[in-house]
Amino acid sequence: MDYSKTLNLPRTNFPMRARLPEKEPEILKFWQEERVYSKIRERKQGSPKFILHDGPPYANGDIHLGQVLNKILKDVIVKFKTMQGFDAPYVPGWDCHGLPVEHQLFKQLGINKSEIPQLEFRKKAREYAAHYVEKQKGQFKRLGVLGRWEKPYLTMDREYESEIVSAFGTLYRKGYIYKGFKPVHWCPQCQTALAEAEIEYKDKISHSIYVKFLLKNYPSPLKTSLPVYLVIWTTTPWTLPANRAVALHPKFSYVFVRFNQEVLLLAKETMGRVRKEVALQEGKTLAEFPGKDLEGLTYSQPITGEGLKTVMADFVTVEEGTGCVHIAPGHGEEDYFLGLKYHLPVVSPVNDEGRFLDSVHKFAGMSVFEANDPIIAWLKKRGWLLSSGKISHSYPHCWRCGGPLILRATPQWFLGVDKHNLRKKAMELVREKVGWIPSWSQSRMLGMLEKRPDWCLSRQRYWGVGIPVVYCTNPDCPRKGRVLQEEQVFESIASKVREKGSDVWFEEKVEALIPPGFSCPECGKKQFEKEEDIIDVWFESGISHRSVLAREESLRDPADMYIEGSDQHRGWFQTSLLTAVALGERPPFKKVFTHGFVVDAQGKKMSKSLGNVVDPAKIIDRWGAEILRLWVCLEDYTQDIRVSQEIIGQTIDIYRRIRNSYRFLLGNLHDFCFPENAVKSEEMREIDRCVLSQLQSLIKKVTAHYESFRFYEAFHLIHHFTSTRLSAFFFDVLKDRLYTFSRNSGERRSAQTALYHLLMTLIHLTAPVLSFTSEEVWLSIRKNNPELMSDHHISLRDSIFLSSWPEVDEDLIDEELEKKWEEILKVREEVLKVLEEKRQSKVVASSLEAKVVIEAPSHLLSLLASLGDELKEVLIVSQIELKEAEDLIVRVKKAEGGKCLRCWNYSPRVGENKKYPTLCERCWGVVDSLCVFS
RNA sequence: GGGCUCAUAGCUCAAGUGGCUAGAGCGCUGUCCUGAUAAGGCAGAGGUUCCUGGUUCAAGUCCAGGUGAGCCCA
């Protein structure tokens, strides 16, 4: 006779195999059709807000793992806060203007800037950006990220663009923005100035030359009839035409040394090294001076022959070069600032293409890189070249075209970081008003703020918002070229942009942009010209606190949290902070959360050249987005996080364990109604109560970890609980009771009550991360066993994200009980070890074939005895004999009697019952009762 | 070169203010079960806590210097 039909075996059609790549789109469809995000918004009206402000990714290309990491973290936080009861809207955004779109598009079109009118190009750029917004939107949604996808914010929206104009105007009027002439990183290929964020440093082979500058005078103690030269070292011979000074360190010691028929001046400490590098014999030191005594010496400019002076500078080093530094204020940042101090002219005789102007007679028209060799040749001819070689060093390159950059002084617009104490104020707020996670993120921000130069806001490009500045061009105006800074001018431009988009600046004549009839307040004329440069995209995204947070009704400025990769300390965190402080005297965020970068198995960054780039789409197609979500949340993302086949494999294993536990729970709850079949806590079996008590502390800890954004701690705990507490212990022990006891028995219902709470709690605790699976379980319950949710406060129609976060039920916590069971578990561990030995020696196979004899000290013995028959269930053995002894000793024997064909337990009484000769005493009762009812 | 940061079993993570024989889980190996079954149970083997010094009765933990890695800057 087959008794398996008389058992209560698990029943569910929740599949063991997830088939996530197929299942996930169904869940996404459900969220879409049920308008889950909108419903959440409706229901949370009036709840306390939690605003996580999305940093806009760049609308170009497919999403990479870094963006996956970022968006998933944001989604987990938003979902957690939502389930906790907050109104936590998520409005995603995109950064749409700027060089990367331009470059890609020019590449795609196969033309350059000069071959297409700006307006025509801008139209295509807009389409291009819009295309990638849609593409990335689909990819982000595929990750399971809930948000206001149907109305994201775009930096190329007219309203947004208008805010950019008005923010610029306000900052200009407040005196933060100025026009300067300053060396900036310039890409001769792209013909544009580059922001710091657009520069990549990589190795480049450069010239390395030592050059003699003839000194026209020198300190009197030195007496010689030989020519005296100071020696400089440079890797950019082409900057020599722009040389305006030579800097020495005031504290270094300098020597005049005679080599053959000439005398050279250089820092004493550099002597040995320089002599080796330029292959000079040992010379004779004629005199030695501290640097400060050598200020104001006159030398002959090597290219122009002008008489120029030596100056003092602290940044001079002896690590490289000669301690005498060639200064070209038009071609170097430090040089520029030193130039300000000494009133040196900013000379930069190079045009947009990086070619020398006519003023550089000898080399006019040459590109600066081509000019290096002729310059060196020229120096050599004059006898001023001491040595010439090559050096490989880190050099700035254009992030888009990859070409080497030059520093070139051009008229640019700047945001003055020290205007109105902006830097100081920002740093103070960073220190006092913003929470930084992890904490070191604060010192990083401070360090960067402290040292950052003024922010170059202008770009000589096509795709962006025009700098909204109008000049008076009347040649007779007392201040020709002055900017119209009247508020109504900026307002007029902003409103035009709001009406027609930023193209209006390039389409319309200047008169149509300023207020009708407006005339120059200075000269009364109406001759105007508009600025041609466009605004740095970092400024655009940097004001999102104003254009998005402050303007969107559902949002709020400041945001509760910004969360981005650690590179954004220099990027968005900083540009947002600076603009917010300048505009409104406060930071745009209460908390800043930083995550690391995704690196490969060895911890190396991903790059095309290393060939170690992992494409998220491949993982999604093969394993599902859920695996990516879990992966993110198993790692400590305050550091860089690794990805590899092995790590993904491990994530899949962990996923399977959790999923199977859900399946087991569902299967064993198929005939359980809540609350009808639920057993009151005080009537439950001890072990069931014990697990529920442990579940409460799991809720506590997991919630705390979510609250401190340490999802990996939460998930390691959940996984640990699921594997060890549930799968390896509770579920295993419970099987006998669930399967063999009569369906409606108190014992079985007690177990199910525990299982019910476990299932409901766990799917909620995992929902922010395992969103697809938790929702799938939720949907499965509603479809297959709605009776499980007859609990009135759970609405069947809703997504799991409309239900709330599990609360700790203090009544279920029983620490005494947990302690007691810890003792029992220790005994169980001992029993399992002995069982394993007996299994190895083939005495028993299944543990149910065993009878266990436990000798234990009296207190432990009484503890075990108190469990009665439950003890053998806990140990999953057929018989138990308890004896008193000094120490714990466990022995295992073959169980007595025969095997019950129904429950597989052994009992001496099997065979006693004539009606059921193959069943044990417990089962024949159960089977009998079944027959009575059937 | 400078700023910030990281380094603990094959992998992912633990080890308040220095006090353990450095812990989990996964994976691995062996094994049992076949009523969670492309599941589940049990047992076992895995660590010079990156290296070198130092402080201390005591260092994975503190200090200094290396090495490797990441972000940012020059």
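What you see is a predicted model, and the numbers here were worked out from it, not measured in a lab. Chain letters run A, B, ... following the sequence lines, proteins first, then strands; residues in each count from 1. Quick note: numbers below take in every heavy atom, side chains included, and nothing from hydrogens, waters or symmetry partners.
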Can you give the donor-acceptor pairs under 3.5 Å from side chains of residues 716-723 of chain A to other protein atoms, not counting sequence neighbours?
from      : atom 1 : to        : atom 2 : distance (Å)
His716(A) : NE2    : Leu634(A) : O      : 3.3
His719(A) : NE2    : Ser723(A) : OG     : 3.4
Thr722(A) : OG1    : Ile718(A) : O      : 2.6
Ser723(A) : OG     : Arg657(A) : NE     : 3.1
Ser723(A) : OG     : His719(A) : O      : 3.2

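Residue contacts for Phe731(A): at a heavy-atom cut-off of 4.0 Å it reaches a base atom on one of the strands shown. The residue Ser4(A) sits close to a base: some heavy atom pair falls under 4.0 Å. Among the protein residues, His716(A) comes within range of the nucleic acid bases, having at least one heavy atom under 4.0 Å from a base atom. Within the 4.0 angstrom heavy-atom criterion, base atoms lie near Gln650(A). Residue-level contact check: Arg902(A) touches the bases, meaning some heavy atom is under 4.0 Å from a base atom. The residue Leu634(A) sits close only to the backbone: its heavy atoms come under 4.0 Å of sugar-phosphate atoms, none of a base. Residue-level contact check: Gly447(A) touches neither bases nor backbone, having no heavy atom under 4.0 Å from any strand. Counting non-hydrogen atoms under 4.0 angstrom, Asn668(A) reaches nothing in the nucleic acid.
Nearest-nucleotide assignment on RNA chain B puts the 5′-proximal partner with Leu7(A), out of Arg444(A) and Leu7(A).
Only the C1' atoms considered, rU5(B) is 38 Å distant from rG44(B), to the nearest whole Å. Nucleotides rU12(B) and rA59(B), compared at atom P, are 28 Å apart to the nearest Å. Taking the P atom of each, rC51(B) and rC11(B) are spaced 15 Å apart, rounded to whole Å. Nucleotides rG46(B) and rA38(B) place their C1' atoms 28 Å apart, quoted to the nearest Å.
Comment: Glu635(A) does not engage Arg642(A) in a salt bridge, judged by the lack of any side-chain N to carboxylate O separation of less than 4.0 angstrom. No salt bridge links Lys826(A) with Glu829(A); every basic N to acidic carboxylate O contact stays at or beyond 4.0 Å. A salt bridge links Lys182(A) with Glu333(A): at least one charged nitrogen is closer than 4.0 Å to a carboxylate oxygen. Contact check on Glu22(A) versus Arg19(A) returns a salt bridge, with a Lys/Arg side-chain nitrogen under 4.0 Å from an Asp/Glu carboxylate oxygen.
Stacking of Lys591(A) on the aromatic ring of Trp436(A) is not recorded, the 6.0 Å distance cut-off and the 45° axial limit not both being met.
Among the nucleotides rU37(B), rU34(B), rC72(B), the one closest to any side-chain atom of Trp904(A) is rU34(B). Out of rU12(B), rU37(B), rC73(B), the shortest distance to the side chain of Arg570(A) is found at rC73(B). Distance from the side chain of Arg663(A) is smallest for rU37(B) among the nucleotides rC72(B), rU37(B), rG25(B).
Using a 4.0 Å cutoff on non-hydrogen atoms, the parts of residues 591-601 of chain A near RNA chain B are Phe597(A), ordered by number. Residues from residues 700-714 of chain A lying near RNA chain B, meaning a heavy-atom separation below 4.0 Å, are Tyr712(A) in numerical order.
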Check the pair Met445(A), Met427(A) against side chain to side chain contact (heavy atoms under 4.5 Å, CB included), reporting the backbone distance first and the verdict last. CA-CA 8 Å; Met445(A) 193 73 212; Met427(A) 287 177 71; over 6 Å; no
Full working for side chain to side chain contact (heavy atoms under 4.5 Å, CB included) between Val691(A) and Arg725(A): CA-CA 8 Å; Val691(A) 167; Arg725(A) 276 276 95 71; 5.6 Å; no
With pairs defined as Watson-Crick or G-U wobble and both distances under 3.5 angstrom, please note down RNA chain B as a dot-bracket string, | for pairing with another strand. (((((((..((((.....[...)))).(((((.......))))).....(((((..]....)))))))))))).
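Taking CG of Asp2(A) as the reference point, atom CZ of Arg902(A) lies at 11.5 Å (rounded to 0.5 Å). Distance CG/Asp736(A) to CG/Leu848(A): 7.0 Å, rounded to 0.5 Å.
You'll find a donor-acceptor pair under 3.5 Å spanning the side chain of Arg17(A) and the base of rA38(B), going by distance alone.
Here Tyr739(A) reaches the OP1 or OP2 of rA36(B): one of its side-chain N or O atoms lies under 4.0 Å away. Put simply, Lys842(A) has a side-chain N or O that comes within less than 4.0 Å of OP1 or OP2 on rC32(B).
Taking the 5.5 Å centre cut-off and the 30° plane limit, the aromatic side chain of Tyr662(A) is not classed as stacked on rA36(B).
With a 4.5 Å cut-off on side-chain heavy atoms, Arg423(A) and Glu450(A) do not count as touching. Side-chain atoms of Thr651(A) and Leu628(A), non-hydrogen and from C-beta on, never get closer than 4.5 Å to each other. Looking at heavy atoms from C-beta onward, His670(A) lies out of side-chain contact with Gln752(A) at the 4.5 angstrom threshold. Contact of the Cys900(A) side chain with the Tyr906(A) side chain is not registered, since no non-hydrogen atoms from C-beta on lie closer than 4.5 Å. The shortest distance between side-chain heavy atoms of Val325(A) and Thr234(A) does not fall below 4.5 Å.
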Collect all protein-nucleotide pairs involving nucleotides 41-45 of chain B in which both atoms are nitrogen or oxygen and the distance is under 3.5 Å.
from    : atom 1 : to        : atom 2 : distance (Å)
rG41(B) : OP1    : Arg657(A) : NH1    : 3.4
rG41(B) : OP1    : Ser727(A) : OG     : 3.3
rG41(B) : OP1    : Ala728(A) : N      : 3.3
rG41(B) : OP2    : Arg657(A) : NH1    : 3.4
rG41(B) : N2     : Arg839(A) : NH1    : 3.3
rC42(B) : O2'    : Glu836(A) : OE1    : 3.2
rC42(B) : O2     : Glu836(A) : OE1    : 3.2

Could I get a table of every N or O pair under 3.5 Å where one atom is in the protein and the other is in nucleotides 60-65 of chain B?
none

Could you list the protein-to-nucleotides 5-8 of chain B atom pairs, N/O on both sides, closer than 3.5 Å?
from   : atom 1 : to        : atom 2 : distance (Å)
rU5(B) : O2'    : Gln639(A) : NE2    : 3.1
rC6(B) : O4'    : Gln639(A) : NE2    : 3.2

Give every pair of a protein N or O atom and an N or O atom of nucleotides 46-48 of chain B that lie under 3.5 Å apart, one pair per line with the distance.
none

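The ring pair (Phe, Tyr, Trp, His ring centres under 6.0 Å) search around His207(A) returns none, not counting sequence neighbours. Taking Tyr662(A) as the reference, nothing meets the ring pair (Phe, Tyr, Trp, His ring centres under 6.0 Å) condition, with sequence neighbours excluded. Shown here are the side chain to side chain contact (heavy atoms under 4.5 Å, CB included) partners of Thr235(A), two or more places apart in sequence or in another chain: Ser206(A), Trp233(A), Ile391(A), His393(A). Shown here are the side chain to side chain donor-acceptor pair (under 3.5 Å) partners of Ser441(A), two or more places apart in sequence or in another chain: His569(A), Thr594(A).
To the nearest angstrom, P of rA74(B) lies 16 Å from OH of Tyr336(A).
Of all non-hydrogen atoms in Pro183(A) and Tyr336(A), the two that sit nearest each other are CD-CD1, 3.3 Å.
The six-membered or imidazole ring of Tyr562(A) lies away from that of Phe593(A), with a centre-to-centre distance of 6.0 Å or more.
Regarding the sugar-base torsion, rG40(B) falls in the anti class, its angle being beyond 90° of 0.
Ring geometry for Phe715(A) against Tyr706(A) counts as perpendicular: the plane angle is over 60°, on a 0 to 90° scale with 30° as the lower cut.
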